[in-house]
Protein chains: 2
Amino acid sequence: MTRPGTSGKSGPTMHHVAAAAGVSQATVSLVLNDVGGARVSEETRRRVHQAAKELGYRTNAHAKVLREGVAEMIGFVGDHVATAPFAGKIIEGAQARAWEAGMLLLTVNTGGDRGLEAASLEAMLSHKVAGVVYASMYHRTVDVPDVLGELPAVVLNAQDRSGAFASIAPSEVLGGYTATRTLIRAGHRRVGFINIGAVEDGLPAVVGRLEGYRKALAEAGIAYDGGLHLAGDGDEAGGYRRTLELMAGDRPPTAIFCGNDRTAWGAYQALASKGLAVPDDVSVVGFDNQESLAPHLRPGLTTLELPFIDMGRRAVELILAGTPTPGHTELFECPLVERHSVAAPPHLPNQRTGTA
Amino acid sequence: MTRPGTSGKSGPTMHHVAAAAGVSQATVSLVLNDVGGARVSEETRRRVHQAAKELGYRTNAHAKVLREGVAEMIGFVGDHVATAPFAGKIIEGAQARAWEAGMLLLTVNTGGDRGLEAASLEAMLSHKVAGVVYASMYHRTVDVPDVLGELPAVVLNAQDRSGAFASIAPSEVLGGYTATRTLIRAGHRRVGFINIGAVEDGLPAVVGRLEGYRKALAEAGIAYDGGLHLAGDGDEAGGYRRTLELMAGDRPPTAIFCGNDRTAWGAYQALASKGLAVPDDVSVVGFDNQESLAPHLRPGLTTLELPFIDMGRRAVELILAGTPTPGHTELFECPLVERHSVAAPPHLPNQRTGTA
């Protein structure tokens, strides 16, 4: 019987892929045979792989795997990654990069169960995976199982407490700085910050984004006002409640940096309940660029993107490249995604405004 | 070195689990040793497993696996399941059920790439998985790879075109019927329906929910009005646009059944833009019960739950039970989750209203 993807009909050629991706055949060859190195941009790579995928084009690696019916495997152990509402993109990136090399990504979602995690890692070792990506749903410090010392392993979207493993995580400080600076550049001087948790909890995202917020304020000569920094819960309810608190003050902020998009969603709903418009009355910046949320808020939310796909791809690259350097940490920049939730501040009583 | 979950310290006992779950030790034993059968409700099972997980209690199956370092595996092949914003729960359910039996769920997210799918299935066969769950992100008719005929396989959240495999899917007709009847029982006679796609596309969710909608109308003696049934796009934008169209008619509906929660979210935003309140001016019912969306809309959205966790669990049960019956299809009821988006209709000009 014919197996899917291995039917006899002659498939699309590199020429078709080049045409669909709008690049030269040489570029397609460089990308699909993975020898492009720095000469080909990540964006171009993605376009080429997307076109190849849509056309069903098979690389040599794919052909070999499909012909011989065997593929090397990379293990991916996540806590809640596969079931989180958005972090699944980290799997998408890792999966895509592995398959580009003709390797399979075997994912286990442990739900945080240490016994299941241990059993999964044992199974992956006994089935001779080339390496393991150890991923967290949200950026935190994790205790990596010792067994991962036995093969190439990368800690993803997390920091390894022991420092014995390479890790990949978003740059929270830069993100918080960029978000806050975006509001300051629009002319805001009173910028509220609804964090996604309490600083005492020590989450890298909470601590780092606050550090970035303070850095941007300091750079603009704006004194940090503790009354403008509140701890939310990382969800819509916290954003709603904290926004009402911020706006109830005698000198309310003209802009709010929300620690994530769900918090920003709550801010939108709270502001609407007060008859305040985004961004004419209050500007809002979020964090995450959740595709199921940020573009659908009205107005569209200006936010920072958590580069899950790139981080997932990079984790697999480190494993493909051999033993990742212990303690080596790569922090990924979270790019600003500008939509329509930021404008110059209105001129309110008791309200100093800067210039855009 | 000590491996996580296998440390020497004596862990919690069945007594602790029983206390935490508020059930007898006998029940805990029945559930954890998986001999309870129909005598123990699914809800009780979940409470017990939750308590066991939180306490880190190890069943015999777990102990054996962790002691011997080997576990049987079940393959889970999904198209976009791991990266969809909500269908990940289907993995959570399958994973939990497999681990309860001391088995691992190895997931591959193919992104719809048939070559990757074929290679993944080959790898799973060569690594001797006990069976394979073949899952779809959204309910549709799929062509199952022939190779799955070589081992126990279940088609999940999809219908197998060939009829050669057992499949598990939500009951779309019953769901559409329940959603519509809920609005009719509140007193509505003009009930709009924004579907999540065009009927011509033949998606089971689109066709089935419409059938249920018409069934509920007929049962209440309400003539089907084609002008009240519009095809959305399954996302917020379509819900927004179609709601504005429905409300612009000379006899607008007093209630709208939205084919999914994202469509309902668009309806909320469109109604708000017209100064209309949910549910005082217009009642809304959604579909999916997306936990990241439905409870956070203001007011909370009354909707139907897609029983992803139960469906995922059941798929693994069928595999654990041996060869699933070919062509055997199990349709899962989508329970109504009542929040605050449904009320009796207002008395509008040109508006006949029934009685609650």
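Naming convention: chains lettered A, B, ... in sequence-line order (proteins, then strands); numbering from 1 in each chain.
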**Message:** One pair to check against side chain to side chain contact (heavy atoms under 4.5 Å, CB included): Glu92(B) and His80(A). What are the steps and the verdict?
**Reply:** CA-CA 9 Å; Glu92(B) 198 177 317; His80(A) 300 275; 6.0 Å; no
**Asked** Could you walk me through whether Thr110(A) and Gln95(B) pass the side chain to side chain contact (heavy atoms under 4.5 Å, CB included) check?
**Response** CA-CA 8 Å; Thr110(A) 66; Gln95(B) 173 91 72; over 6 Å; no
**Working for side chain to side chain contact (heavy atoms under 4.5 Å, CB included), residues Glu236(B) and Ser292(A)** = CA-CA 9 Å; Glu236(B) 183 277 345; Ser292(A) 65; over 6 Å; no
**Message:** The test is side chain to side chain contact (heavy atoms under 4.5 Å, CB included); show your working for Trp265(A) and Leu293(B) and say whether it passes.
**Reply:** CA-CA 11 Å; Trp265(A) 182 25; Leu293(B) 181 59; 3.5 Å; yes
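The heavy-atom pair separating Leu104(A) from Ala123(B) by the smallest distance is CD1-CB, 3.3 Å. Between Gly115(A) and Trp99(B), the shortest heavy-atom distance links the atoms C-CZ2, 3.6 Å.
Chosen from Gln269(A), Met73(A), His127(A), Arg298(A), the residue pairing most often with chain B at heavy-atom distances under 4.5 Å is Arg298(A). Ranked by heavy-atom pairs under 4.5 Å with chain B, the first of Gly112(A), Ser120(A), Gly78(A), Gly266(A) is Ser120(A).
At a 4.5 Å heavy-atom cutoff, the contact between Leu105(A) and chain B is made by backbone atoms alone. Of the two parts of Asp235(A), only the side chain, counted from C-beta on, holds a non-hydrogen atom closer than 4.5 Å to a non-hydrogen atom of chain B.
With rounding to the nearest 0.5 Å, the separation of OG1 in Thr107(A) from CG in Asn109(B) is 7.5 Å.
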